[in-house]
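Contents: one structure, followed by commentary.
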Amino acid sequence: LRALDNEEQLAFVIAHEINHNWKEHLKGFAGSHEMLGHFHEFEADFEGMKLAARAGYDPRKTLDSLYALDAANEKLAENYALFSRRDKGELAQALERIRDVHPHKDLRRANLLDHLNEALELYKPVPVPENPAWMGLRRSASRPSALDRFERRARAAAATGTVEER
């Protein structure tokens with residue numbers, strides 16, 4: 001949630017994940033077939049954008065969600081870089097799988113732009129709250145995210161010299 005800037009982006013991400021489920025993209029998929037993963041991501045992207053548009057969310061405002069999510073993944077990778085390259089823990093493997101299966105954000109955006117007119121035809125505007133409750137939770141300092149907790153632990157470990165800092 002912290003990576004997203006507005007309700008339209010949240011609607012897109014949820015619709016994208018719903019489409020993975022509906023299309024059974026993850027059934028029997030271990031992530032080793034990179035091109036199949038790319039196809040699934042492209043499909044979930046444009047179908048998710050159309051689903052969000054049907055729900056009343058402006059599809060033009062969903063386009064930047066890919067950049068917001070990519071920035072969050074880059075921050076996670078940067079924070080993880082505090083640990084030695086020799087550590088091939090679960091987090092490093094998960095980050096590699098995410099990068100392997102997801103096409104570059106510019107290719108995904110181009111794919112969405114190819115389908116934008118379809119989504120705009122389905123779009124019937126509905127009022128979108130300016131300050132939805134989830135945005136307040138996203139900014140809440142009293143409840144740090146897993147990424148915040150990880151960053152704090154990584155920096156503490158680097159300060160004590162138990163891991164290499166770059």
Of His40, Arg109, Arg108, His102, the residue whose pairing with Asp45 passes side-chain hydrogen bond (donor to acceptor under 3.5 Å, both in side chains): Arg108
Results of ring pair (Phe, Tyr, Trp, His ring centres under 6.0 Å) for His115 - residues two or more places apart only: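 Checked His115 against ring pair (Phe, Tyr, Trp, His ring centres under 6.0 Å); matches are Phe46.
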Shared hydrophobic cluster for Ile18 and Leu10 (ILVMFWY, side-chain gaps under 4.5 Å): yes
Same apolar cluster (I L V M F W Y, side chains within < 4.5 Å links), Leu63/Ile14: yes
Distance-only donor-acceptor check, side chains Glu41 and His16, under 3.5 Å: yes
Whichever hydrophobic residues join Leu107 through chains of side-chain contacts under 4.5 Å: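 Members alongside Leu107: Phe42.
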Determine whether [X] and [Y] make a side-chain contact, defined as any pair of heavy atoms from C-beta on separated by less than 4.5 Å.
X: Phe12; Y: Lys61; value: no
X: Leu69; Y: Leu4; value: yes
X: Leu116; Y: Tyr123; value: no

Atom pair NZ/CD of Lys23 and Glu43 - distance to nearest 0.5 Å: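 Here the interatomic distance stands at 4.5 Å.
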Spacing of Leu66 atom CG and Leu112 atom CG [to the nearest 0.5 Å]: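 Going from CG on Leu66 over to CG on Leu112, the span is 5.5 Å.
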Could you tabulate the donor-acceptor pairs under 3.5 Å formed by side-chain atoms of residues 48-59, not counting sequence neighbours?
residue: Lys50; atom: NZ; partner: Glu118; partner atom: OE1; Å: 3.2
residue: Tyr57; atom: OH; partner: Glu7; partner atom: OE2; Å: 3.4
residue: Asp58; atom: OD1; partner: Arg60; partner atom: N; Å: 2.9
residue: Asp58; atom: OD1; partner: Arg60; partner atom: NE; Å: 3.0
residue: Asp58; atom: OD1; partner: Arg60; partner atom: NH2; Å: 3.4
residue: Asp58; atom: OD2; partner: Arg60; partner atom: NE; Å: 3.4
residue: Asp58; atom: OD2; partner: Arg60; partner atom: NH2; Å: 3.1

Donor-acceptor contact below 3.5 Å, side chain Asn19 vs main chain Ala15: yes
Side-chain donor or acceptor of Gln9 paired with backbone N/O of Asp5 under 3.5 Å: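 A pair under 3.5 Å: yes.
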